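The next block holds one structure in the form of C-alpha cells; read it before the comments.
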There are 4 protein chains.
Amino acid sequence: MAALKESQKQKRRAQIIEGAVKVFARKGFYHATVKDVAREAGVADGTIYLYFKNKDDLLISLFECKMEDILSHFRTRLAELSDPLDKLRVFIEVYFELIENDIELSDVFQVELRQSSKFLKDYHNEKFQEYLEIIEGIITAGKEIGFFRADLDANITKILVFGAIDEVARQWILSNGKYSLQQAGQSVAYTLIHGLLSTS
Amino acid sequence: MAALKESQKQKRRAQIIEGAVKVFARKGFYHATVKDVAREAGVADGTIYLYFKNKDDLLISLFECKMEDILSHFRTRLAELSDPLDKLRVFIEVYFELIENDIELSDVFQVELRQSSKFLKDYHNEKFQEYLEIIEGIITAGKEIGFFRADLDANITKILVFGAIDEVARQWILSNGKYSLQQAGQSVAYTLIHGLLSTS
Amino acid sequence: MAALKESQKQKRRAQIIEGAVKVFARKGFYHATVKDVAREAGVADGTIYLYFKNKDDLLISLFECKMEDILSHFRTRLAELSDPLDKLRVFIEVYFELIENDIELSDVFQVELRQSSKFLKDYHNEKFQEYLEIIEGIITAGKEIGFFRADLDANITKILVFGAIDEVARQWILSNGKYSLQQAGQSVAYTLIHGLLSTS
Amino acid sequence: MAALKESQKQKRRAQIIEGAVKVFARKGFYHATVKDVAREAGVADGTIYLYFKNKDDLLISLFECKMEDILSHFRTRLAELSDPLDKLRVFIEVYFELIENDIELSDVFQVELRQSSKFLKDYHNEKFQEYLEIIEGIITAGKEIGFFRADLDANITKILVFGAIDEVARQWILSNGKYSLQQAGQSVAYTLIHGLLSTS
DNA sequence: AATGAATGAGATTTCATTCAT
DNA sequence: CATGAATGAAATCTCATTCAT
C-alpha cells in the first residue's frame with residue numbers, strides 16, 4: 001500500500017507539473033499565479049504546497065523532472081550510433097522533434113529557465129551542464145577520430161552548437177511554426193558541419 | 001529654449017534608463033521595483049512616470065534606445081568593409097566588444113528582453129529584426145559573390161549565426177568572464193565560416 | 001467492554017493533551033499547528049477532531065483537565081492542615097513544586113491561558129475561580145481566628161496573593177531557573193504573611 | 001520643511017499605533033488583522049508597512065513607544081518624593097490611574113505583551129526591566145534607611161510587588177470595573193507595606 | 001476508529017501607480 | 001516639473017478542518 005500511495009503521490013506531482021508547464025508557457029512564470037496552475041492542474045491552491053515548497057520550487061522541479069526525461073531520451077537515441085557526424089545530425093533531429101512534440105514545454109525551457117537560473121536562489125542548473133556535455137562528447141569524439149578539426153575548442157564549440165540549434169528552435173516557436181523544423185534541422189546540421197563557405 | 005528643455009528632457013530620460021539598466025541587470029526586471037530604479041537614477045518614484053508610461057514601457061524604451069545605439073554602431077563599423085568574410089568577422093568582434101564594454105546592458109538584453117518580448121503586451125521587437133537583418137545582409141552578400149554556399153537559407157542561417165554568437169556571449173557572462181571573449185570570437189568566426197570538419 | 005473502550009478513549013485523549021502541552025509550551029498556541037500536536041502525540045491530524053471539537057477546544061480541555069488535577073492536589077495537601085499560616089506556606093510551596101515539576105505545563109498555563117481566556121469564545125474560566133477560592137478560603141479562615149487583619153478585603157487579597165506568587169513563578173520560568181524557587185517561596189511567604197498579619 | 005515632514009511622520013506613526021491599541025485590545029493581537037488596524041487608524045493597509053516592518057514590529061513599537069511615556073510619567077511623579085513608603089503608595093496609585101485612564105492600552109500590555117515577549121523573535125523587553133527597576137529602587141532605598149526589612153531580597157520582592165499590583169489591575173479589567181481601583185490600591189499598598197516593614 | 005491528502009478561506013505583504021503639495 | 005506618501009489590488013502561502021478510504 002505504501003508503494004501505491006507513493007505512486008499516487010508521484011502522479012499528483014506530475015499532474016501539477018503538467019499544469020505548470022501549460023500555464024507558464026501561456027503566461028510566463030512571473031505572470032502566472034499559483035492559482036492559475038492549481039486550476040489548470042485541477043487541484044486546490046493549497047495542494048500545490050503539499051508537493052512543492054513554493055512557486056520557485058515548482059519551476060525548478062518542473063525543470064529537473066522534464067530534463068531528466070529529455071536527457072535519457074537523448075542518451076538512448078545516441079547510444080545506437082558511433083559516427084560523430086551521425087550523432088550530431090541525430091542530436092539536432094531529436095532536439096527539434098522534442099520541440100515540435102511539446103511546444104509548451106519548449107517554451108518554458110527556452111524562456112523561463114534561461115532567465116530564472118539567474119534569479120532563483122541557490123539554483124545552479126546542473127542538468128543543463130549535463131546537457132551541454134552530450135554535445136561536448138560528440139565534438140571530442142569527432143576530434144579524436146580526426147573527423148573534426150583538432151584545433152576546435154570543445155568548450156566553446158559545444159556552446160556555439162547549442163546556441164545555433166536552440167536559437168533556430170526558438171525563432172521557430174516565436175514564429176508559430178512558419179517554417180519546417182525538419183528542413184531547418186538538416187540545413188543547420190549541414191552548416192555546422194561544413195561551415196558557410198562554398199569551397200569546402 | 002524649447003530645444004534646451006527638450007535636451008534636458010532627453011537627459012533625464014537617459015538618466016533613468018541608465019538606472020534601469022543597472023537595476024534590471026542586478027535584480028532582473030520582475031524583482032526590480034520602480035523605487036529601485038528611481039533611487040539608482042537619483043529621481044523620485046513619480047518622476048519615472050513623467051517619462052515612461054509604466055514599468056513595462058521603461059523596459060521597452062530601454063531596449064529601443066539602446067538598440068538604436070548598437071545598430072548604428074554596427075552599421076558604422078561594417079560600412080567600411082566590403083568583404084563578407086571580413087564583415088562577419090568584424091560583426092562578431094563588435095558584438096563581443098559591446099558585451100565586454102557593458103556587461104550590465106548585455107545582461108538585460110540577453111536575459112530580460114528574451115523573456116519579456118513574449119509577455120510585454122503589444123510589443124513586437126522590430127529592432128531585433130533589424131539586427132538580424134544585418135547578419136542576413138552579410139550572408140546574402142556572401143552568397144551573391146560566391147563566397148558562401150548558394151544553397152544557404154539566409155533566413156535560417158542568420159538565426160544560426162546569431163544564436164551561436166549570442167550563446168557564447170551569454171555563457172561568458174554567466175561564467176563571470178572565465179574565458180577570453182577575444183579568442184572565443186576568433187574561434188567562433190572560424191568555425192562558422194569553415195564548419196566543424198577537418199577536411200575543408 | 002464498554003468501560004474498557006471508555007478508558008481507551010480517555011487514554012488517547014490524555015495522550016493528545018500531553019502532546020498539546022509540549023507543543024503549546026514550545027511554540028505558543030497560535031504558532032503551534034494542529035499537525036504539530038498530532039505529530040507530537042503520535043496520532044493523525046484528523047484524530048484530534050475525534051476527541052476535540054477544534055483547536056480552541058483542545059486548549060480549553062487541556063486547561064480543564066490539568067486544572068482538575070492541580071486543584072485536587074492542592075485540596076489534598078491542604079486538607080491535612082488547620083493553621084491558616086501553615087496553609088498559606090504550603091500553598092506557595094505546592095504551587096512552586098508544581099511549577100518546577102512541569103515547566104511545560106506551567107508555561108502553557110501562564111502564557112497561553114492568560115491570554116486565551118479573553119478570546120476563546122464563550123469560555124469563562126470557572127476552574128480558575130475555584131483556584132482563587134482556595135486562597136480566599138485560607139484568608140477568610142485566617143481572619144476568623146484573628147490571625148489575619150480583620151480589615152483585609154478577602155477578594156482583593158486573594159488576587160494580590162495569587163499575583164505575587166504567580167509573578168515570581170513566571171519570572172523564574174522566563175529566567176530559565178536562575179534562582180532557587182524553594183528559597184524564593186519562603187521569602188514570598190514571609191513577606192505576604194507579615195503583610196497579612198493582624199499583630200503587626 | 002524637513003522638520004515639518006518629520007513631525008508629520010511621527011503623527012502618522014502615532015495614529016497607527018493608536019489604531020493598533022484599540023484593535024489589539026478588542027480582538028487580541030492574533031485575531032486582529034492588519035486590515036483591522038488600518039481601518040481603525042483610517043489609513044490604507046499598505047500604509048502600515050511604510051511605518052512598521054511587519055505586524056510583529058507594530059506590536060513591539062507600540063510597546064516601546066507607550067512604555068517610554070509611562071516610564072517618564074512614573075519618574076516624574078516619583079521624583080517629587082523621598083520617603084520610600086510614599087513612593088510605593090504613589091507608585092501603586094499612579095499605576096492604577098494609568099490603568100483606569102487607558103483601559104485599552106492596559107489590556108494590550110497585560111495580555112498581548114505578556115504572551116508575545118516569548119514569541120516575537122529577538123525581542124527582549126528591556127523597557128519592562130527598567131520598569132521593574134523602579135520598584136527595586138524603592139525597595140532598596142527603603143532597606144537602606146531601615147524602613148524595610150534588611151533581609152528582603154530586592155530581586156524577589158520587586159517581582160512580588162509588581163505581580164500583586166498587576167494582578168489586581170488585571171482582574172479589575174477582566175471584571176469590567178466591578179470594584180473601585182482607588183480603594184483596592186490603598187488596600188494593596190497597606191498589605192504590601194506591612195509585609196515589607198522592618199518593625200513588624 | 002483512524003488516517004492524512006485535499007481543501008479553500010483568509011492573512012500578510014508587496015509594489016506599480018496616482019496625486020496633492 | 002518634481003516629489004514621495006499613500007493607496008489598494010493582487011499575489012503568495014498557511015493551516016484548521018473535512019471526508020473518502
Side-chain angles (χ1 to χ4, degrees), chain A residues 1 4-5 8-9 11-13 16 30-39 41-58, chain B residues 5 8-9 12 16 30-39 41-58, chain C residues 5 8-9 12 16 30-39 41-58, chain D residues 1 4-5 8-9 11-13 16 30-39 41-58:
Chain A
M1 197 174 99
L4 188 69
K5 274 186 182 169
Q8 269 299 103
K9 259 194 118 133
K11 226 158 133 184
R12 185 56 58 105
R13 235 182 101 93
I16 293 170
Y30 288 103
H31 288 94
T33 68
V34 172
K35 200 176 210 76
D36 290 334
V37 174
R39 198 174 300 142
V43 300
D45 302 12
T47 304
I48 306 273
Y49 292 87
L50 298 176
Y51 293 87
F52 304 94
K53 260 205 320 281
N54 51 41
K55 199 187 168 194
D56 285 359
D57 184 45
L58 176 53
Chain B
K5 274 189 180 171
Q8 271 299 103
K9 241 187 130 139
R12 185 60 62 102
I16 294 170
Y30 288 103
H31 290 92
T33 68
V34 173
K35 195 179 214 78
D36 289 335
V37 174
R39 196 172 304 144
V43 300
D45 302 12
T47 304
I48 306 270
Y49 290 86
L50 300 174
Y51 293 87
F52 304 94
K53 250 198 344 269
N54 51 38
K55 196 187 170 194
D56 284 359
D57 184 44
L58 175 54
Chain C
K5 275 187 180 170
Q8 271 299 102
K9 244 187 127 139
R12 185 59 60 104
I16 293 170
Y30 288 102
H31 289 93
T33 68
V34 173
K35 197 178 211 76
D36 288 336
V37 175
R39 196 172 302 143
V43 299
D45 302 12
T47 304
I48 305 270
Y49 290 84
L50 299 175
Y51 293 87
F52 304 94
K53 254 203 334 274
N54 52 39
K55 197 187 170 192
D56 285 359
D57 183 44
L58 175 54
Chain D
M1 198 174 98
L4 187 70
K5 274 187 183 170
Q8 268 298 103
K9 259 193 117 133
K11 224 160 137 184
R12 185 56 58 107
R13 236 183 100 91
I16 293 170
Y30 288 103
H31 288 94
T33 67
V34 173
K35 198 176 213 77
D36 290 335
V37 174
R39 197 173 302 142
V43 299
D45 301 13
T47 304
I48 306 273
Y49 291 88
L50 298 177
Y51 294 86
F52 303 94
K53 260 205 322 282
N54 50 40
K55 198 188 168 192
D56 284 0
D57 183 44
L58 175 54

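Keep in mind the model is a prediction, meaning the values are calculated, not measured. Numbers restart at 1 for each chain; the letters A, B, ... are given by sequence-line order, proteins then strands.
Here C/V43 pairs with C/R12, C/Q15, C/I16, C/A38, C/A41, C/T47, C/I48 under the side chain to side chain contact (heavy atoms under 4.5 Å, CB included) rule; sequence neighbours left out. Partners of B/R39 by side chain to side chain donor-acceptor pair (under 3.5 Å), not counting sequence neighbours: none found. For the salt bridge (charged side-chain N to carboxylate O under 4.0 Å, His left out) test, residues two or more places apart in sequence or in another chain that qualify with D/K35 are D/D45.
Residue-to-nucleotide proximity on DNA chain E shows that, of C/V43 and A/Y51, the 5′-proximal contact is made by C/V43.
Put simply, CG on A/L58 is 15 Å from C1' on F/dA11, counting in whole angstrom units. Atom CG of D/D57 and atom C1' of E/dT12 are 14 Å apart (whole Å). What separates CD1 of C/I48 from C1' of F/dC15 is a distance of 13 Å, to the nearest Å. Atom CZ in D/R13 sits roughly 17 Å away from atom C1' in F/dA6 (whole-Å rounding). Taking atom CG on D/D36 and atom C1' on F/dG8, their separation rounds to 16 Å, with Å as the unit. One interatomic measurement links the two molecules: NZ of A/K11 to P of E/dA5, which rounds to 16 Å at whole-angstrom precision. Computed from coordinates, the A/R12 CZ to E/dA6 C1' distance equals 8 Å when rounded to whole Å.
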Task: Dot-bracket encoding of pairs in DNA chain F, which uses [ ] for pseudoknotted crossings and | for another strand, Watson-Crick or G-U under 3.5 angstrom - done: .||||||||||||||||||||
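Considering OH of C/Y30 and NZ of C/K55, their distance stands at 8.0 Å, rounded to 0.5 Å.
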Open item on the list: Within the 4.0 Å limit for protein heavy atoms, which parts of nucleotides 13-21 of chain E are touched? Write it as a string from 5' to 3', B for base, S for sugar-phosphate only, - for none.
Closed with: BBSSBB---
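No donor-acceptor pair closer than 3.5 Å links the side chain of D/K53 to the backbone N or O of D/L58. Between the side chain of D/K9 and the backbone N or O of D/Y51, no donor-acceptor pair lies under 3.5 Å.
Contact record, D/Y49 with D/V34: OH-CG2, 3.5 Å, taken as the closest heavy-atom pair.
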